[in-house]
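Keep in mind the model is a prediction, meaning the values are calculated, not measured. Each chain gets a letter, A, B and so on, in the order the sequences are listed, and its residues count up from 1.
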Amino acid sequence: MIRGIKGIKDITPDQMPKWSVVERTAHALAHAFGFQEIRIPVFEKTELFVHSIGGNTDIVEKEMYTFPDKDGTSLTLRPEGTAGVVRAFIERGLKTYQPSRKLYYIGPMFRHERPQAGRLRQFHQFGVEFVGSSEASADVEVITLLWRFFSALELPGLSLELNSLGVLTDRQAYKKDLVSFLKTKSDRLCENCRRRLEANPLRALDCKVPHCREAMNDAPHLTDFLSPTSRDHFDRVLEGLQALAVPYSMNPRLVRGLDYYSMTTFEVSCSALGAQNAIGAGGRYNGLFETLGGVPTPAVGFAIGLDRVIIALPEAILPTPTPWVFIAAFGEKGKPAGLSLLDSLRSMQVKADTDYNASTLKTLLRSADRLEAPYVVIIGDDEVTNHQIILRNMATKEQEFHPLNTASSAILAHLHIR
RNA sequence: GUGGGUGUAGCUCAGUUGGUUAGAGCGCCGGAUUGUGGUUCCGGAGGUCGCGGGUUCAAUUCCCGUCACUCACCCCA
C-alpha cells in the first residue's frame, strides 16, 4: 500500500461541512471589511522566503521544503503567505491602482515540522494584508476582522494578546538592556535561552521552561523603550480596539517568530486546543516592502491556522443539511421512469440521488436509509401503469401519491414546505 | 531534531503469567415467502497479532532493531 506523506492529511467528505463553513465565513467577512481575494503560487524562489522571513529563523533554517528546479534554481513550497503577497504586490504594480490595498488569501502552506495535534506539514491559512496605511486604524481594522472571524464561528476559550515591538531603533535600545538583564540571570536560564542571548535575545521572553519564565518575571518591558511615535501609535491601536469592544490583554513578552514584524503584534490563542494553541496571529511589517526591493510601504496583516480552527469549531455551528429525495426506481418500466424523474429534479437544482447497485424495493429502501434520505420516491411498474409516484417520508413513514407527469414540481414544493 | 505512548478483524478495543482452532462490540454479507428501510432474531465472511532479527522445544506474548501512528518538547498559525 502506498501511504500518504507524514503530516499531510486528506480532508475527507465527512469533514468538508466544517471546512465549508469556515471558508464561507472567511470570504464573507473579508469582503465585508473591503478585502479582495488574491491567489498566489504555492511555491516561489527560495530567496523570497529567506529575505522576508529571515535567515536565522527556525522556519528558514530547518522547516522549508526546498528543492532545485530543472535549471538548478532553488525553489521552496511556501511556508507562509505574506512573502508571496508582497512579492506579487511589488511585481504586478498593484499599488498604482489605489492609495491602499486590502488583500486576503486562503490556501495550503508547508513546513517540515514533526507532526503533532494541531500541527501538520501541509496546513491551511486564511490571511489578510492591509497594505499602504501606517495609520493605527488599519491595525485596529485588521485585528477587529481577526476577532470577528473567530466570534462568528463561536470558537470557545479565545484570548487576544497584544504587544508592540516598536521600530528598529526602539528594539536595538531594548535589546541592549535585555541582554544585560539576561546576563545577570544566566545561571538560571535554560540552555536554549543562553544560546538565544547571542542570536535572538527577544525569543527568550516567551520561553516555556518554568524556571526560565520565573527568572524572566522582572525582565524589562519592550513597551517601556518605545519612542514617542511608536508609543503613540500603539496607544491609538488600543483605544481603537476599546472603542469597538474587541477584548484584549497586554502581553509584553509576545514576540513573533518571523523577522519582518515591527510595531504592533498580536496573537489569538484558544484553550480548546492542545499545546499548539496559537490559532491566529500577525502584526505590522512596515519594512518588508523595502526588504523585497519595493518602495517603502507600510502594511499590517494576520494569518489564521484553519486546521486549528476546524479542531476547535463547535458542532452546533454546522448548518442543517438541505432536504433531498432518494429515487427508488425498479422494474422494467419503473426504472427508466425513475431515471428521467431523477434528471428533471436535478435540472431544477433539487438534490436527488439513487443507488444503481440496488434493484429491489427492499434494497433500494435500505440504501436510502443508509444515505439518511429524508424522502424517497417509490416508482415501480405498478406506479408507471397508474401514472403516479409514491412520495415517502422516511421519518414518519407517511406516503402520498402524486401524478407522474407533475411529480418533480410536486416534490420541489414538498421539500420547500419543510 | 529530542523524548514518551501505542501498533491484534473494515472501525474501537480486549486477551494470551510463552503452549493446540486469537476474542468482543460495531460495521459488512446472507436469511426470517410475494413490492416497503432503520429495530429484533438466525447464520456467515474477514486477522502473516506492523515488519525484521534474537532467545526458546515453542513467540502474537520476552529482548533488540526498524517502520508507522500519536502526544509532548522545540517552533509556530
Is the backbone N or O of [Y] less than 3.5 Å from a side-chain atom of [X], with the two atoms forming a donor-acceptor pair by type?
{"X": "A:Ser20", "Y": "A:Met16", "result": "yes"}
{"X": "A:Arg392", "Y": "A:Val377", "result": "no"}
{"X": "A:Lys18", "Y": "A:Leu318", "result": "no"}

Using centres under 5.5 Å plus planes under 30 degrees as the test, is A:Phe330 stacked with B:rG35?
no

Quick one: side-chain contact (heavy atoms from CB on, under 4.5 Å) partners of A:Ala275, sequence neighbours excluded?
A:Gln116

Considering only atom [atom1], compute the distance from [N] to [M] and round it to an integer number of Å.
{"N": "B:rU17", "M": "B:rU61", "atom1": "C1'", "result": "10 Å"}
{"N": "B:rU48", "M": "B:rU40", "atom1": "C1'", "result": "38 Å"}
{"N": "B:rG47", "M": "B:rA24", "atom1": "P", "result": "15 Å"}
{"N": "B:rA58", "M": "B:rA14", "atom1": "C1'", "result": "24 Å"}
{"N": "B:rG27", "M": "B:rC11", "atom1": "C1'", "result": "7 Å"}
{"N": "B:rC74", "M": "B:rU12", "atom1": "P", "result": "30 Å"}
{"N": "B:rU66", "M": "B:rC29", "atom1": "C1'", "result": "38 Å"}
{"N": "B:rG65", "M": "B:rC26", "atom1": "P", "result": "41 Å"}

With A:Phe126 as reference, evaluate A:Trp19, A:Phe150, A:Phe302, A:Phe35 under the ring-ring contact (aromatic ring centres under 6.0 Å, His included) test and give the passing residue.
A:Phe302

Gap between atom CG of A:Leu339 and atom CD1 of A:Ile379 - 0.5 Å precision
9.5 Å

Counting only distance, no hydrogens or angles, is the base of [N] paired donor-acceptor with the side chain of [X] under 3.5 Å?
{"X": "A:Arg366", "N": "B:rG38", "value": "no"}
{"X": "A:Glu113", "N": "B:rG1", "value": "no"}
{"X": "A:Arg119", "N": "B:rC74", "value": "yes"}
{"X": "A:Arg370", "N": "B:rC28", "value": "no"}

I want to check one thing: is the phosphate of B:rU70, taken as OP1 and OP2, less than 4.0 Å away from some side-chain N or O of A:Gln116?
no

May I ask you to evaluate whether A:Lys397 reaches the phosphate of B:rG37, defined as a side-chain N or O under 4.0 Å from OP1 or OP2?
no

Indicate, with a heavy-atom threshold strictly under 4.0 Å, whether [X] touches base, sugar-phosphate, or nothing.
{"X": "A:Leu306", "answer": "nothing"}
{"X": "A:Glu63", "answer": "sugar-phosphate"}
{"X": "A:Ala117", "answer": "sugar-phosphate"}
{"X": "A:Met394", "answer": "base"}
{"X": "A:Lys62", "answer": "nothing"}
{"X": "A:Glu267", "answer": "nothing"}
{"X": "A:Glu61", "answer": "nothing"}
{"X": "A:Asp307", "answer": "nothing"}
{"X": "A:Ile311", "answer": "nothing"}

Heavy atoms from C-beta onward define the side chain here; which of [options] lies closest to that of [X]?
{"X": "A:Asp369", "options": "B:rG35, B:rG37, B:rU70", "value": "B:rG37"}
{"X": "A:Arg3", "options": "B:rU70, B:rA77, B:rC69", "value": "B:rC69"}
{"X": "A:Asp58", "options": "B:rA72, B:rA77, B:rC74", "value": "B:rC74"}

How close or far is atom C1' of B:rG3 from atom CZ of A:Arg114, stated in whole angstroms?
9 Å

Please tabulate, one pair per line, all N/O donor-acceptor pairs under 3.5 Å involving side-chain atoms of residues 39-48 of chain A, not counting sequence neighbours.
{"unit_1": "A:Arg39", "atom_1": "NE", "unit_2": "A:Glu37", "atom_2": "OE2", "d": "3.4"}
{"unit_1": "A:Glu44", "atom_1": "OE1", "unit_2": "A:Arg87", "atom_2": "NH1", "d": "2.9"}
{"unit_1": "A:Glu44", "atom_1": "OE2", "unit_2": "A:Arg87", "atom_2": "NH1", "d": "2.5"}
{"unit_1": "A:Thr46", "atom_1": "OG1", "unit_2": "A:Ser74", "atom_2": "O", "d": "3.0"}
{"unit_1": "A:Thr46", "atom_1": "OG1", "unit_2": "A:Ser74", "atom_2": "OG", "d": "2.7"}
{"unit_1": "A:Thr46", "atom_1": "OG1", "unit_2": "A:Leu75", "atom_2": "N", "d": "3.3"}
{"unit_1": "A:Thr46", "atom_1": "OG1", "unit_2": "A:Leu75", "atom_2": "O", "d": "3.3"}
{"unit_1": "A:Thr46", "atom_1": "OG1", "unit_2": "A:Thr76", "atom_2": "OG1", "d": "2.7"}

Report the residues that fulfil salt bridge (Lys or Arg N to Asp or Glu O under 4.0 Å) with A:Arg3, sequence neighbours left out, ordered by chain and then residue number.
none

Among residues at least two apart in sequence or on other chains, which ones pass salt bridge (Lys or Arg N to Asp or Glu O under 4.0 Å) with A:Glu372?
none

What residues from residues 356-365 of chain A pass a heavy-atom cutoff of under 4.0 Å to RNA chain B?
A:Leu361, A:Lys362, A:Leu365

Going by number, which of residues 143-153 of chain A have a non-hydrogen atom under 4.0 Å from RNA chain B?
none

I'd like to check the ring pair (Phe, Tyr, Trp, His ring centres under 6.0 Å) partners of [X]; sequence neighbours left out, ordered by chain and number.
{"X": "A:His51", "value": "none"}
{"X": "A:Phe234", "value": "none"}
{"X": "A:Phe266", "value": "none"}
{"X": "A:His387", "value": "none"}

Which dot-bracket string describes RNA chain B (Watson-Crick N1-N3 plus N6-O4 or O6-N4, or G-U N1-O2 and O6-N3, all under 3.5 Å; [ ] crossing; | other strand)?
(((((((..((((.....[...)))).(((((.......))))).....(((((..]....))))))))))))....

Across all chains, not counting sequence neighbours, the side chain to side chain donor-acceptor pair (under 3.5 Å) partners of A:Glu161 are A:Asn251

